[in-house]
Amino acid sequence: MRFDIITLFPEMFSAIKEEGVIARAIKKSIISINEWQLRDFSENKYKNVDDKAYGGGAGMVMQVKPIRDCIKKIKEQEPETKVIYLSPQGDPLNQNLVEKLSSFESLTLLCGRYEGVDERIIKNDVDLEVSIGDYVISGGELAAMVLIDSVSRRLPNVLGNKDSLNDSFVNNLLDYPHYTRPESIDGDIVPEVLLSGNQAKIDAWRLEQAKHKTRQKRPDLLSN
Ligand SMILES: NC[C@H]1CCC[C@@H](CNc2ccc(C(N)=O)cn2)C1
């Protein structure tokens, strides 16, 4: 799977490319991440890609042409890519959407800054607007990294241990509780069942715990 990133801060993506699950997935050629510096598509010698907003207001708006030219360049290599714009106005990124996105061969992630992009980009060039949550951060880059991480984890052979696929939300349930050594610390002991060696009983207990925790903390997930 290929991710193309349109951004003013390409170096931010070293945060996921150099460490951990994503770095390993890149090394195993399961995914590739290509950053495109939007300033390279600027029309002027100052390399700016934003301009004052029609209708006034303090902030600047990202112009159509540099973004449109960059997408065109990407589509010369990936004609089928889906263009995703990260913004608080987007569809909520949840496990269902993550699963859907993991089925594409190529995703282009447009990272906004300033007050956002010219609406004509959202109307004509963006296939899907996605939000990682109901809050604003200073740029789309961190949201893009969250999307890349959550989608890549769902690709075959990215996660070492198949069991990791049972983490939260995969079956619309929150994760079950985890314990490790020592068996007892400060008088706090590990649940007996986990020491029983009876895997069927352990699995049943874990499923019950996940359901209980979901009922308590996120009953909304149970109505999906
Ligand atoms: N009007 C503010 C807005 C203009 C366009 C650029 C974004 C970048 N920041 C983001 C991006 C995404 C999210 C999210 N929830 O997925 C939050 N924040 C900020």
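Quick note: numbers below take in every heavy atom, side chains included, and nothing from hydrogens, waters or symmetry partners. Indexing begins at 1, ligand by ligand and atom by atom, following the structure's order. Not measured: the values here are computed from a predicted model.
- K82 places no side-chain N or O within 3.5 Å of a backbone atom of F104 that could act as its donor or acceptor partner.
- Atom CG of residue L107 and atom CD1 of residue I74 lie 11.5 Å apart, to the nearest 0.5 angstrom.
- Every atom of ligand 1 with a heavy atom of G140 under 4.0 Å away is listed here by number and element: 8 (C), 11 (C).
- Checked against a 3.5 angstrom limit, the closest N/O atoms of I132 and ligand 1 fall inside it.
- The shortest contact between atom 17 (C) of ligand 1 and any protein heavy atom is with Y135 O, 3.2 Å.
- Checked against a 3.5 angstrom limit, the closest N/O atoms of I137 and ligand 1 fall inside it.
- S152 places no side-chain N or O within 3.5 Å of a backbone atom of D149 that could act as its donor or acceptor partner.
- Closest to atom 11 (C) of ligand 1 among all protein heavy atoms lies L86 O, 3.6 Å.
- At distances below 3.5 Å, at least one donor-acceptor pair connects side-chain atoms of Q37 with backbone N or O atoms of R39.
- Protein heavy atom closest to atom 4 (C) of ligand 1, with residue, atom name and distance, is E115 O, 3.3 Å.
- At a threshold of 4.5 Å between non-hydrogen side-chain atoms, the residues M12 and M145 count as touching.
- Listed by number with element, the atoms of ligand 1 under 4.0 angstrom from any heavy atom of G133 are 15 (N).
- Contacts between S87 and ligand 1, counted as non-hydrogen atom pairs separated by less than 4.0 Å, involve the backbone only.
- Assignment of G90 to the shell around ligand 1 is not supported, since no heavy atom sits closer than 4.0 Å.
- Listed by first then second residue, pairs satisfying salt bridge (Lys or Arg N to Asp or Glu O under 4.0 Å) with a partner in residues 108-132 read R68-D125, R113-E141, D118-R120, not counting sequence neighbours.
- Annotation: A143 places no N or O atom under 3.5 Å from an N or O atom of ligand 1; distance criterion only.
- Of the protein's non-hydrogen atoms, V136 CG1, 4.0 Å is the one closest to atom 2 (C) of ligand 1.
- Distances below 4.0 Å separate heavy atoms of G116 from the following atoms of ligand 1: 4 (C), 5 (C).
- Of the N or O atoms in Y85, none lie within a sub-3.5 Å distance of an N or O in ligand 1.
- Between R215 and E208 there is a salt bridge, since a side-chain N of the basic residue sits under 4.0 Å from a carboxylate O of the acidic one.
- The closest donor-acceptor contact from the side chain of S102 to the backbone of R154 lies at 3.5 Å or more, if one exists at all.
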Please evaluate residues V117 and V126 with respect to the criterion side-chain contact (heavy atoms from CB on, under 4.5 Å), reporting the C-alpha separation (whole Å), side-chain torsions for both, the decisive distance (0.1 Å), and the verdict.
CA-CA 11 Å; V117 303; V126 166; 6.0 Å; no
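- For atom 3 (C) of ligand 1, the nearest non-hydrogen atom of the protein is P88 CD, 4.3 Å.
- Residue S138 has no nitrogen or oxygen atom sitting less than 3.5 Å from a nitrogen or oxygen atom of ligand 1, judged on distance alone.
- Taking 4.5 Å as the limit, some side-chain heavy atom of F13 sits within range of a side-chain heavy atom of T7.
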